[in-house]
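This is a predicted model, so every value here is computed, not measured. Just the heavy atoms: all of them, side chains too, but no hydrogens, waters or symmetry mates, feed the values below.
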Amino acid sequence: MRIARFSIDGNVAFGAVEGDAPPGSTEGLVLDIIKGIPFADFELSGTKVPLDKVRLLPPVLPNKVVAIGRNYAEHAAELGNEVPDEPVVFFKPSTSVIGPGDAIAYPSFSQELHHEAELAVVIGRMCREVPRERAADVILGYTCANDVTARDAQRREKQWARAKGFDTSCPLGPWVETDIDLAAAADLTIQCTVNGEQRQLGRTTEMVRPVADLIAHITEAMTLLPGDVVLTGTPAGVGPLNVGDEVAVSIEGIGTLTNKVIKRG
């Protein structure tokens with residue numbers, strides 16, 4: 001099931017996305033409005049709305065986004081880094097999250113903004129100290145993410161809080177796909193285009209540490225809550241974004257997340 005979060009006539013709801021459409025298009029898709037929330041038992045209402053009549057929102061509002069750095073060897077190498085012995089864990093605040101079609105505001109403290117296409121894991125229930133063999137039990141589904149990074153600030157400041165946590169730096173969407181299991185998630189194509197030009201193309205098979213290992217590692221230290229998001233790292237090919245660019249992250253079996261870069265007002 002594809003679960004979207006949307007607004008219509010000032011109301012916010014979840015809905016199940018039904019139908020098929022060309023990649024990057026919503027033509028012919030409809031939402032069957034969900035009674036309740038996707039983190040508990042719910043029913044489909046049978047009330048359907050065309051997807052092009054609503055505004056898609058971030059598919060979840062996470063309490064926290066827990067991200068993993070340098071989880072693809074070629075990406076680590078392209079920035080002159082080694083693959084670390086332990087996963088590099090950092091946070092993006094909830095205020096960094098935006099949805100499909102929302103604008104990425106170029107931060108005033110940076111002149112080198114980069115895209116990073118990533119598979120995002122959406123947590124379905126509260127959990128801690130999850131053994132890797134139980135990781136599938138705590139996953140609601142998967143979505144597309146762009147770990148937008150102020151690369152010059154990341155180098156200059158030696159830590160990543162501002163470089164990766166500024167407002168609008170975490171586009172998520174367009175929806176959560178719940179029908180992908182851990183085995184399938186381990187072999188998906190990830191692509192990023194800027195103004196239609198391919199920049200990144202990789203597969204989740206290239207991850208140094210797979211999803212189950214990441215969840216086990218993170219939950220050794222902290223509790224994950226329903227709606228929290230784990231970003232799993234980016235393949236090689238990261239590069240610059242400029243004001244006016246349209247950046248799209250596409251993941252096989254999930255969909256396409258598109259955002260435009262604007263000057264911060």
Side-chain angles (χ1 to χ4, degrees), residues 1-65 92-106 117-125 139-148 165-179 225-231 245-251 254-265:
M1 180 181 291
R2 293 169 291 177
I3 298 176
R5 183 171 160 269
F6 66 95
S7 67
I8 184 170
D9 298 330
N11 298 308
V12 175
F14 290 96
V17 181
E18 299 178 349
D20 295 305
S25 171
T26 61
E27 184 179 354
L29 298 180
V30 298
L31 286 161
D32 192 337
I33 297 175
I34 287 173
K35 292 181 179 179
I37 59 173
F39 308 109
D41 292 336
F42 65 85
E43 297 178 357
L44 299 179
S45 68
T47 300
K48 300 188 179 185
V49 184
L51 195 63
D52 58 9
K53 299 297 184 185
V54 309
R55 179 189 169 203
L56 285 180
L57 302 173
V60 289
L61 283 179
N63 174 272
K64 55 188 171 293
V65 177
K92 294 173 85 81
S94 59
T95 47
S96 70
V97 174
I98 58 174
D102 290 340
I104 299 167
Y106 206 116
E118 307 206 8
L119 175 70
V121 183
V122 179
I123 299 301
R125 65 179 180 85
I139 297 172
L140 175 67
Y142 301 87
T143 193
C144 305
N146 193 346
D147 176 19
V148 184
F166 62 89
D167 291 353
T168 75
S169 66
C170 189
L172 296 174
W175 41 65
V176 179
E177 175 57 72
T178 67
D179 288 339
L225 302 176
D228 280 351
V229 171
V230 175
L231 303 187
D245 284 347
E246 184 176 84
V247 56
V249 175
S250 299
I251 301 182
I254 298 175
T256 299
L257 167 67
T258 303
N259 303 90
K260 193 166 185 177
V261 183
I262 65 168
K263 184 178 180 179
R264 186 170 184 176

Any donor-acceptor N/O pair, [X] side chain to [Y] backbone, under 3.5 Å:
X	Y	value
N63	D228	no
N259	V247	no
E177	D179	yes
S45	K35	no

D102 and R55: CA distance, side-chain angles, deciding distance, side chain to side chain contact (heavy atoms under 4.5 Å, CB included) verdict: CA-CA 10 Å; D102 290 340; R55 179 189 169 203; 3.1 Å; yes

Non-hydrogen side-chain atoms of [X] and [Y] separated by less than 4.5 Å:
X	Y	result
T256	P174	no
I123	L225	no
I33	V49	yes
K53	V30	no
D167	I98	no
P59	L172	yes
Y142	I251	no
L51	F6	no

If every non-hydrogen atom of [X] is compared with every non-hydrogen atom of [Y], which pair is closest and at what distance?
X	Y	value
L231	K92	CD1-CD, 3.9 Å
P226	R125	CG-CA, 3.8 Å
L56	A4	CD2-CB, 3.8 Å
L257	C144	CD2-O, 3.7 Å
T143	G173	OG1-O, 3.1 Å
V97	P62	CG2-CG, 3.9 Å

NZ of K260 to CG of D245: how many Å apart, nearest 0.5 Å?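 Answer rounded to 0.5 Å: 9.0 Å.
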
Rounded at 0.5 Å granularity, tell me how far SG in C170 sits from CG in D147.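 C170 SG to D147 CG: 7.0 Å, rounded to 0.5 Å.
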
Knowing that exactly one of V60, L31, V17 qualifies, which makes a side-chain contact (heavy atoms from CB on, under 4.5 Å) with W175?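 Going through V60, L31, V17 one by one, the side-chain contact (heavy atoms from CB on, under 4.5 Å) with W175 is satisfied by V17 alone.
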
Assess whether side chain to side chain contact (heavy atoms under 4.5 Å, CB included) is satisfied between R264 and T168, documenting all intermediate values. CA-CA 10 Å; R264 186 170 184 176; T168 75; over 6 Å; no

Take L44 and I34 through the test side chain to side chain contact (heavy atoms under 4.5 Å, CB included) and record every step on the way to the result. CA-CA 5 Å; L44 299 179; I34 287 173; 3.8 Å; yes

Could you name each residue pair satisfying salt bridge (Lys or Arg N to Asp or Glu O under 4.0 Å) that touches residues 8-20, not counting sequence neighbours?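 For residues 8-20, and leaving out neighbouring residues, the salt bridge (Lys or Arg N to Asp or Glu O under 4.0 Å) pairs sorted by first residue read E18-K48.
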
Would you please test D52 and E27 for side chain to side chain contact (heavy atoms under 4.5 Å, CB included) and show each step? CA-CA 7 Å; D52 58 9; E27 184 179 354; over 6 Å; no

